[in-house]
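Take a look at the structure set out below.
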Amino acid sequence: MVWGEYPAEFNPKVHGPYDPARFYGKKDTPFTQVRLRELGSWLARRNKTPRAATQAVSRAWWRWQQKYLLPEKMGVAPFIQIAVGSMAFFYLINYTKYKAHRTQKYHW
Amino acid sequence: MLSRLAARSSSVAVRLAHTSSSASQAAASATPATTNEERNEVDFPRTKRPIHPAPVRMGFIPETWFELLYSKTGVTGPYVLGTGLITYLVSKEIYVIEHEFYSGVIMAMMAAYGIKKFGPTVAATLDDQLAKEKEEMLSGRNNTIKALTEGIAASELSAEQAKGQSLLFQAKRDNIGLQLEAAYRQRLQSVYAEVKKRLDYQLEKSNVEKRFEQRHMVDWIVQNVRQSITPAQEAASLKQCITDLKALAARA
């Protein structure tokens with residue numbers, strides 16, 4: 001497997017046209033249906049290589065796009081989601097600075 | 001390092017070539033999707049562009065998150081969770097309320113007002129544009145479909161007409177046969193008439209010749225006989241006649 005190839009599990013004869021949002025590997029229990037005591041084995045079964053992580057993020061990005069951004073009558077939701085997400089992200093990366101406000105009695 | 005890179009790149013190239021050929025093969029085999037028995041349409045249906053986006057609550061939170069908690073916590077569960085989380089974060093000052101918070105609240109209010117106020121009109125305008133663009137994009141395809149349908153209808157009509165053409169040809173052939181027959185009979189008639197005319201001519205000619213010959217002969221004989229009769233003979237015959245008359249008169 002090199003750059004620019006489809007996943008090894010993808011077989012156009014069986015799967016038809018390639019959908020970047022879809023996972024073509026062996027199906028496992030969805031995360032939302034995993035019981036707490038099975039969580040360890042479920043996590044142990046995950047493929048934790050950087051490549052797999054990248055693929056997972058890419059799939060998630062495509063799935064989000066297909067859900068909110070690409071429909072014909074898309075609304076304002078994806079933009080709000082991006083705004084809220086970036087707000088949270090920048091709050092987190094600046095959190096050390098904001099934390100300092102706690103100790104100050106008078107805020108400028 | 002460089003040699004390793006070169007080795008890798010060469011293997012990459014080989015693999016790329018291999019995959020491209022296999023991909024083209026796969027594409028070729030994937031095109032007749034209806035005949036492919038391996039194709040799993042149930043688990044891997046063809047991706048379609050949805051009309052409406054996935055539903056959200058409060059403008060951006062996916063409906064599925066609420067559904068996820070619904071079976072465990074009921075309708076209010078997610079709201080309680082969210083409110084409780086925020087309360088916890090604020091009260092423990094994990095989430096620090098600094099000056100950006102207020103500007104954030106005001107911007108959120110402005111955004112909400114703007115979306116509520118102008119959202120529907122913008123959506124209607126964009127939907128109109130979308131419908132127009134879609135129509136433009138599909139018009140070529142639709143026109144082609146229409147033209148092809150018309151073409152099929154026209155060719156079917158002409159095939160039907162060609163079938164009628166054979167009937168027409170048969171009728172024409174019959175007609176020509178009748179004409180030929182008529183001409184043939186007419187010619188037969190004319191041949192008959194011509195032959196009859198010639199034969200009549202010959203007959204008439206021979207009749208005329210015969211009549212002429214006969215008359216000539218009769219005239220000639222009569223002339224010769226007259227010439228041969230002498231006045232003495234005439235007188236003798238006249239005397240004989242008178243005697244014959246006398247004898248007859250005596251008997252009567």
Side-chain angles (χ1 to χ4, degrees), chain A residues 1-6 8-24 27 30-33 62-85 87-88 90-92 94-104 107-108, chain B residues 8-9 11-13 15-16 19-20 22-23 25-27 29-31 33 36-41 43-62 64 68 93-101 104 107-108 111-112 114-115 119 122-123 126-127 130-131 134:
Chain A
M1 292 250 296
V2 285
W3 284 109
E5 267 189 27
Y6 289 134
E9 300 90 358
F10 174 67
N11 178 6
K13 280 184 190 170
V14 179
H15 301 131
Y18 182 69
D19 181 359
R22 203 174 271 168
F23 178 60
Y24 287 102
K27 282 219 168 84
F31 176 65
T32 50
Q33 290 170 25
W62 275 102
R63 208 160 48 240
W64 177 81
Q65 273 193 314
Q66 288 187 357
K67 246 178 163 174
Y68 297 105
L69 208 60
L70 295 178
E72 258 176 44
K73 302 197 170 180
M74 50 106 56
V76 80
F79 305 108
I80 300 182
Q81 282 170 354
I82 287 195
V84 170
M87 274 157 67
F90 285 106
Y91 190 85
L92 278 177
N94 288 316
Y95 190 60
T96 46
K97 289 176 198 164
Y98 294 141
K99 221 162 54 174
H101 285 272
R102 279 190 219 161
T103 56
Q104 290 170 14
H107 301 278
W108 60 83
Chain B
R8 244 183 94 189
S9 65
S11 75
V12 162
R15 278 196 165 175
L16 270 178
T19 48
S20 67
S22 69
Q25 277 172 9
S29 64
T31 31
N36 194 348
E37 287 165 8
E38 283 180 80
R39 178 83 172 88
N40 186 350
E41 287 277 2
D43 294 331
F44 301 97
R46 202 187 175 93
T47 313
K48 275 185 187 145
R49 187 188 184 192
I51 305 283
H52 295 285
V56 289
R57 283 196 203 177
M58 296 162 70
F60 68 102
I61 305 171
T64 47
L68 192 68
E93 234 181 353
I94 295 168
Y95 181 75
V96 184
I97 306 242
E98 30 71 57
H99 64 285
E100 291 278 13
F101 173 78
M107 280 181 78
I115 289 164
V122 171
L126 291 178
D127 280 353
L130 181 75
K134 219 173 159 182

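Below, chain A is the first sequence line, B the second, and so on; all start at residue 1. These figures come from a predicted structure and were not determined experimentally.
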Original post:
Between B/N40 and chain A, which part of the residue has a heavy atom less than 4.5 Å away: side chain, backbone, both or neither?
Top reply: both
Subject >> Max heavy-atom pair count under 4.5 Å with chain B, selected residue of A/Q66, A/K67, A/H15, A/M87 >> reply: A/H15
Original post:
Can you name the closest pair of heavy atoms from B/P53 and A/G75 and give their distance?
Top reply: CG-N, 3.9 Å
**OP:** Please check if the side chain of A/Y95 supplies one atom and the backbone of B/I94 the other of a donor-acceptor pair under 3.5 Å.
**Re:** yes
Original post:
What closest approach, in Å, do A/A77 and B/V56 show between heavy atoms, and which atom pair accounts for it?
Top reply: CB-CG2, 3.8 Å
Original post:
What is the distance from atom CG of B/L126 to atom CD of A/E72, rounded to the nearest 0.5 Å?
Top reply: 13.0 Å
**OP:** Can you tell which part of A/V84 gets under 4.5 Å to a heavy atom of chain B, answering side chain, backbone, both or neither?
**Re:** side chain
Original post:
So which of B/G104, B/A108, B/P45 has the largest heavy-atom pair count under 4.5 angstrom toward chain A?
Top reply: B/P45
Subject >> Distance (rounded to the nearest 0.5 Å) between B/D43 CG and A/Y24 OH >> reply: 11.5 Å
Subject >> CH2 (A/W62) with more than 12 external heavy atoms under 6.0 Å >> reply: no
Original post:
Under 3.5 Å, side chain of B/R39 to main-chain N/O of A/V14, donor-acceptor pair present?
Top reply: yes
Original post:
Can you say whether B/I51 sits under 4.5 Å from chain A via the side chain, the backbone, both, or neither, judging by heavy atoms?
Top reply: both
**OP:** Locate the shortest heavy-atom distance separating A/L70 from B/R49; write the atom from each residue and the value.
**Re:** O-NE, 2.7 Å
Subject >> Heavy atoms from other residues, nucleotides or ligands near CZ of B/R46 exceed 12 (cutoff 6.0 Å) >> reply: no
Subject >> Closest non-hydrogen atom pair, B/F44 against A/F23 >> reply: CE2-O, 4.4 Å
Subject >> Under 4.5 Å from any heavy atom of chain B - which part of A/Y91 >> reply: side chain
Original post:
Got A/V76 and B/V122 here, is their nearest side-chain heavy-atom distance under 4.5 Å?
Top reply: no
**OP:** Grab the two heavy atoms, one from B/E98 and one from A/Y98, that are nearest each other, plus how far apart they are.
**Re:** OE1-CE2, 3.6 Å
